[in-house]
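A short worksheet on the structure shown next.
In what follows, chains carry the letters A, B, and so on, assigned in the order in which the sequence lines appear, proteins first and then strands, with residues in each chain numbered from 1. Values below: all heavy atoms of this structure, side chains included; hydrogens, waters and symmetry mates excluded.
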There are 2 protein chains.
Amino acid sequence: MQNDKAGVSAQDVAERAGVSRSAVSRAFTPGASVSAATRERIMKAAAELGYHVNHLARGLVRNRSGIVCLIVSEIATPYRASLVRWLTQFLQEAGKVAMLINTDRSDNSVSAALLQAINFRADASIILSGMPDRTITRQCYQHGQRIILINRDEALPGSLSIHLDAQAAATTAVRAFQRAGCRHLAFANSLAGTPSLIKREAAFVQAAEQAGLMVSVERFGTTSYESGQILAHRLLTRAQRPDAVFCVTDLVACGFMDEARHRFQLRVPDDLCLIGYDNIAQASWSSYSLTTFAQPVEQFARDAVNWLQQKEQAENGLTPQHEQQHDTLVYQADVVWRGSVRGG
Amino acid sequence: MQNDKAGVSAQDVAERAGVSRSAVSRAFTPGASVSAATRERIMKAAAELGYHVNHLARGLVRNRSGIVCLIVSEIATPYRASLVRWLTQFLQEAGKVAMLINTDRSDNSVSAALLQAINFRADASIILSGMPDRTITRQCYQHGQRIILINRDEALPGSLSIHLDAQAAATTAVRAFQRAGCRHLAFANSLAGTPSLIKREAAFVQAAEQAGLMVSVERFGTTSYESGQILAHRLLTRAQRPDAVFCVTDLVACGFMDEARHRFQLRVPDDLCLIGYDNIAQASWSSYSLTTFAQPVEQFARDAVNWLQQKEQAENGLTPQHEQQHDTLVYQADVVWRGSVRGG
DNA sequence: TTGTATGCGTTATCAA
DNA sequence: TTGATAACGCATACAA
């Protein structure tokens, strides 16, 4: 209020409250030993002066900033956006704060992002896209920075890896197409080459072949609506037109469905059965009513943050063990039956 | 590499390179005076030791962290997500980093977010949702923290306010409906009560009345797809069913259109003309082909970051003027003609 | 161009 | 419970 210099420090508050600056520090540290009386006097002085703990200084001395880096490409994509949404929410509830770093999917832009995380002494980094260089992750580890990989299908020492089992979804999809009486299956993939997308394709092809069904694969471009349109064009103009398509992503499936309907005048699910993956909001929109597999996004986020807190408590505890081990969490993607498959 | 303690500091690098620690500091400060030779020796030593500048310490002494807070609710929404995407990208290109803070739209959760920004001595906060308490923004100002308001329709001293002119879009929409021969207009709004959404409605109603056209208004729930469905139900069951609806948002428009088509068997644009706002990706999807007004999101983000950089340069310069003034940028939302209005 | 000395705001250790 | 003091890692004013 009455102070117009930028910095009002614990010192100023201490003087006003008639205590030492360490008392002020303790007053703002949860669980520190301060008498209720002095604490109140300090808080009053702090409010009057407009004092706010400097997390930069606190982080410096504690060697831990409370920052968690979210490393992600294509944030505007529905699935990514919802993952970011849950992560930031749970991080905040855990008293941490999210730092968002955009990458272009290239592995060295991910490495650069991780360097930023080191610069800010982030408590952890959560990687949603790409894979960083090993030398960088080593440095993160040395700096005590945790790493969480979501849908990365890889494991780093001391890290947590969360991903989905591709097999169950593939089997479920094939059975559904079988029940619908489909004869010629196809998988519509992008060229992104992400491990999880590759596995999704491989698992589906394998399941289809085991069921003795014909299966075509087409790959194109990025994992987007537009690619879905192109993929529809390529698959639906084949001599052997598929009557059931598993799209690597809901976004692709939406593009595929729109093109199939509006360009090829096909009816879904009568002429063509379609299944997607992710369960983005648009999949439930009545124009699509897309049968899909739901990634438990909220659960991912909750588990990531819980694991982080757990690790931190263990660190504060009496177990300074050298944990070269890594943790892995594997989930099933739950099928969401809607109208894009006959007899669903 | 050979160092296994967490912290490798400028001191360590200095010793290895055989220079003083200030030399190391200068080597990592752009535009500082270091000879190429020593600089190289320092960089080599730094790489070998795995040294990374501690931005916490740097921010502490410079009283500027390089952090910019993005304060936003409902990040997973297409329009918000794309705004966040561009902001983070441009911030990174400007050498800054985005801190993402989720709010629940309530004004005091926005205030809490702003407090976080103060804690981390953020260079600036960009507010995309809600309005914080004045006493908080005052404190931000005192801490030298810039504030940027996007679509907030308010002005704070020393801040930048970016928003859209609601009038032009309203006039264009009414004219389009007029050309299409529509007789009964309607505006489908949410109950969010955001200033920009309110203005959008008021401007449309005014423009319609000026054109001598009947206009109904319906408001419901959040600004979402689901609300669009409800709004369709309410408007399309009225005795005087509207034949042209301006939806406050594309998301609302998608829900409205789906409900109109699939529940009421109406054809768009033959039976019903529809216009949205935002130009989210889904508006261009062929199931919707929605005529809409494009918010220049990328431009918003670019301008916000440019303004920030400009202010910082001015600060470094010789003009320590007390700028109680605020800046305002007003844009037009460009109409994107698609298939949801007859004769568009 | 380089080195020395000082301070940034905080927490942690130790005595009282 | 409280206060004094020493780090934390860095940038910079100043002197060389």
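Of the residues in residues 22-29 of chain B, those placing a heavy atom less than 4.0 Å from an atom of DNA chain C are B/S22, B/A23, B/R26, in numerical order.
Under a 4.0 Å N-O distance rule, the pair B/E48/B/K44 qualifies as a salt bridge.
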Worked check of side-chain contact (heavy atoms from CB on, under 4.5 Å) between B/L114 and B/Q145: CA-CA 10 Å; B/L114 228 32; B/Q145 184 186 135; 4.1 Å; yes
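What separates CD of B/Q11 from P of C/dA5 is a distance of 13 Å, to the nearest Å.
Close approach of DNA chain D to chain A, defined as any atom under 4.0 Å from a non-hydrogen atom of the protein, starts and stops at D/dT1 to D/dG9.
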What nitrogen or oxygen pairs link the protein and nucleotides 7-9 of chain C at under 3.5 Å?
none

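No donor-acceptor distance shorter than 3.5 angstrom exists from the side chain of B/R85 to the backbone of A/I75, with no hydrogens or angles considered. Not a single donor-acceptor pair under 3.5 Å links the side chain of A/Q116 to the backbone N or O of B/V97. Judged by distance alone, with hydrogens and angles left aside, the side-chain atoms of B/T88 form a donor-acceptor pair with the main-chain N or O of B/V84 at under 3.5 Å. Between the side chain of B/R41 and the backbone N or O of B/A17, at least one donor-acceptor pair lies under 3.5 Å. One N or O on the side chain of A/S9 and one on the backbone of A/Q11 form a donor-acceptor pair closer than 3.5 Å.
B/R21 comes within 4.0 angstrom of no nucleic acid atom, judged by non-hydrogen atoms across all strands. Residue contacts shown for A/S33 include a base, since a base heavy atom lies under 4.0 Å away.
The minimum heavy-atom distance between A/S109 and A/D104, with the atom names listed, is OG-OD1, 2.8 Å.
Judged by distance alone, the side chains of A/E93 and A/Q89 do bring a donor and an acceptor atom under 3.5 Å apart. Residues B/S196 and B/T194 bring no donor and acceptor atom of their side chains to less than 3.5 Å of each other.
For the helix from C/dT1-D/dA16 to C/dA16-D/dT1, the angle separating the two terminal helix axes comes to 30°, with each axis derived from five pairs and the value rounded to 10°.
Each ring pair (Phe, Tyr, Trp, His ring centres under 6.0 Å) pair with one or both residues in residues 84-115 of chain B, not counting sequence neighbours, appears once here: B/W86-B/F90. Counting only residues at least two apart or in different chains, salt bridge (charged side-chain N to carboxylate O under 4.0 Å, His left out) contacts with residues 106-134 of chain B comprise B/K96-B/D123, B/R134-B/E154.
In this structure, CZ on A/R80 lies 10.5 Å from CD1 on A/I150, to the nearest 0.5 angstrom.
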